[in-house]
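Every heavy atom of this structure was used, including side-chain atoms; hydrogens, water molecules and symmetry mates were not. Letters A, B, ... mirror the listed sequences (proteins, then strands); counts begin at 1.
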There are 2 protein chains.
Amino acid sequence: MEERLDTAEEKRGRITIHDVAAAAGISISTASKALNDTGRMGLETRERVKRIAAEIGYRPNALARGLLSKRSFTIGLLTNDTYGRFTLPVMAGISDALVDHGVSVFLCAIEEDPELGQIHVEAMLDKQVDGIIATGKRLDRRLPVDLSNLNVPVVYAFTEGAPGSVTFRSDDAQGAQLAVEWLVKLGRKRIVHVTGPESFFSVRERADAYSKVAGEERPVLFGVWSESWGHEAVARLWSGGGERPDGIFCGNDQIARGVIDALRERGIRVPQDVSVVGFDNWEIVAAQTRPPLTTVDMELKELGRQAGLTVLALAEGRPVEPGIRKLPCRLVVRQSCGGDTLGI
Amino acid sequence: MEERLDTAEEKRGRITIHDVAAAAGISISTASKALNDTGRMGLETRERVKRIAAEIGYRPNALARGLLSKRSFTIGLLTNDTYGRFTLPVMAGISDALVDHGVSVFLCAIEEDPELGQIHVEAMLDKQVDGIIATGKRLDRRLPVDLSNLNVPVVYAFTEGAPGSVTFRSDDAQGAQLAVEWLVKLGRKRIVHVTGPESFFSVRERADAYSKVAGEERPVLFGVWSESWGHEAVARLWSGGGERPDGIFCGNDQIARGVIDALRERGIRVPQDVSVVGFDNWEIVAAQTRPPLTTVDMELKELGRQAGLTVLALAEGRPVEPGIRKLPCRLVVRQSCGGDTLGI
DNA sequence: CACGGTTGAGAAAACCTTTTCCCACTTGAC
DNA sequence: GTCAAGTGGGAAAAGGTTTTCTCAACCGTG
């Protein structure tokens, strides 16, 4: 009765459902139904087919399956964030959410090149992706590629979406609020905000939230996203004869790092004399500052997870409310503010 | 004569070769041959079919094509480098090399989880990837997943490969040599090497190359891959009564950053008093040090490019010599060593 | 005029699955 | 003993493409 096809595995190429059917002495239709838990058949037959399939190492060909079902169990992730600082956590979240559903992710880094973007999008469409997630490095900029009437669902994550689309982004205002409230809670009174270029939407949003909590009259220093700007800002703050801050909310971790270094160089102690809080929770920067940086995490992985589930829902035809979804940030307490041993 | 099917584009779903054939008034076989430049037919027919296909926006379905040709024009990139520091440049290189060939890349981050790795590999095989590239964050460690008898080609890049496979890696010895020779050329005599854990193969390799150039008696300080170790190493070097170095070759850029910061804190000028050279050319670190860091670039993008072309060659059945291919590193001259204005 | 060779194009098989019928058989009720 | 209903399983089509084979028409040559 053990009628296994020795040739099946030797025959160069994959094991198909025909091999399973032959090995079980049934037709391929029955084999298919047995393996997919569809159709009617004896429980015993079903079990036997499954067992045999497992034994000979059968795995269904996703291409053939996709041809029929119009689902490729594949999605595309488009990004212009070359360095992957934002994209990688997003990607991790997407993959994490979709791997259980058997979905794999094409990653396409398109830089700022519209032509390259076009090529990648077409390649993905040819491969019948079930959907596309667009992500980037800036909330208020579009990717240099048109994703508008694509006949596959598109979801935007951490980049500006087309009108009428569904977009996921971090709630920067809430994140900033978290940071400033923390400084206030620690008793800081003379708080300032050192941040990036005012042209960034998230800069303005964070600055507004800061003003709401710290007070409209508290100063905001706009600059660039670099450590050296952090240095310069400290120089500026401590050079004049004005009030000396006791709390600095920085627009990102790199600026915070510059600020902390500059303060140390001036003999000002962090966090005893001045509390510093950053934004991004970019581990590589935040964990290496001295002292390690208290900062705001944008929960990009969760953002990716939700974007993944959403594009899947759209691909399956489930209805999804369009609009912008803001996901809350989280404050990561390390030692640059104090309060880390308080258990507040 | 203009007999275009208005319905073709309206019919929900993609435009198929049937639509092209119908629009051109020919059979699908002829259409296929016209579009693929195969078979025999009148030049005029060929051109006309191509024109019509373009007009109605026909794009071949890669799933159907792959089913027949056994080529999916898809490869998988497996990595355990969560943060993407090494993976992203490699990925960029692969993508760059393969996009012209119509190949897309599945990215799978598997952390250190063998089960997750297994799941992703199976998902990729189900999707009939033409090949797999394994990459990681360490030259002397395997990915936590078995890629040995997979019936698709596997290429290793920046991670340890299976015996008999083809593996691409950076030539760390040559890179280290480049760095130390640069210090020597600048007239530095009292060179030391501050590097990572001796358990890393590349650490030993770089250290050996350093010893060959600088002299066997020159000191090597093993530690960890962090800025704080850079600080500590400087403290150690400057605390005793011994000789003070005038050139420091660091095992990576983070250590170099720590070293430079520590030197500045002691009032030692870089590069006037001490030249510092790093390893990795991790832009985000190397460009933000003060002064910007002269460092060794491992050319990971080129490495990815070659890995991509190799796995493609294997997928197409072209013969490839197995073995380990070492790719040369490149010295990136910034200002931490001096010599940057010499044009040497 | 008969015939081999060329040219242009189509029919059909193949790739691997899933799904929709459809058929034969069993069971129980009347 | 006949019928209806239910059960287990198979044949075949469909999905979009490529490729092999076949066929008809046409050409020139002997």
- Task: Give a yes or no on whether a donor-acceptor pair under 3.5 Å exists between the nucleobase atoms of C:dA9, that is its base, and the side chain of B:Ser29.
- Result: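 Answer is no: no donor-acceptor pair is held.
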OP1 or OP2 of [N] less than 4.0 angstrom from a side-chain nitrogen or oxygen of [X], does that happen here?
X	N	value
B:Ser32	D:dT17	no
A:Thr30	D:dG10	yes
B:Ser27	C:dG10	yes
B:Lys70	C:dC16	yes
A:Asn61	C:dC15	no

Which part of the nucleic acid, if any, lies within contact of [X], taking any heavy atom under 4.0 Å across all strands shown: a base, the sugar-phosphate backbone alone, or nothing?
X	result
A:Arg59	sugar-phosphate
B:Thr45	sugar-phosphate
B:Arg65	sugar-phosphate

- Item | Donor on one side chain, acceptor on other, A:Gln128 and B:Arg14, under 3.5 Å | yes
- Answer yes if the side chains of B:Ser29 and B:Ser32 hold a donor-acceptor pair under 3.5 Å, and no otherwise. no
- Message: Let's go through A:Phe106 and B:Phe106 carefully: what are the C-alpha distance in whole Å and the side-chain angles of both, what is the deciding distance for ring pair (Phe, Tyr, Trp, His ring centres under 6.0 Å) to 0.1 Å, and is it a yes or a no?
- Response: CA-CA 4 Å; A:Phe106 286 124; B:Phe106 287 124; 4.1 Å; yes
Would you kindly give the [atom1]-to-[atom2] distance between [X] and [N], to the nearest whole Å?
X	N	atom1	atom2	answer
B:Arg46	C:dG8	CZ	C1'	11 Å
B:Asp126	C:dC16	CG	C1'	13 Å
A:Leu63	C:dA14	CG	C1'	15 Å
B:Ile26	D:dT18	CD1	P	13 Å
A:Leu67	D:dT17	CG	P	9 Å
B:Arg40	D:dT22	CZ	C1'	11 Å
A:His18	C:dA13	NE2	P	15 Å

- Item | Euclidean distance, B:Lys301 NZ relative to B:Met91 CE, rounded to 0.5 Å | 11.0 Å
- Task: Just compare D:dG15, D:dT17, C:dT18 and give me whichever is closest to any side-chain atom of A:Ala64.
- Result: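 For the A:Ala64 side chain, the nearest candidate turns out to be D:dG15.
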- Task: Can you figure out which of D:dT18, C:dT19, D:dT7 approaches the side chain of A:Lys33 most closely?
- Result: C:dT19
- Query: When you match B:Leu68 and B:Ala31 each to their closest nucleotide on DNA chain C, which lands nearer the 5' end?
  - Reply: B:Ala31
- Message: Would B:Arg71 and B:Phe73 count as a cation-pi pair here, with the cationic atom under 6.0 angstrom from the ring centre and within 45° of the axis?
- Response: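 Yes, cation above the ring, under 6.0 Å and within 45°.
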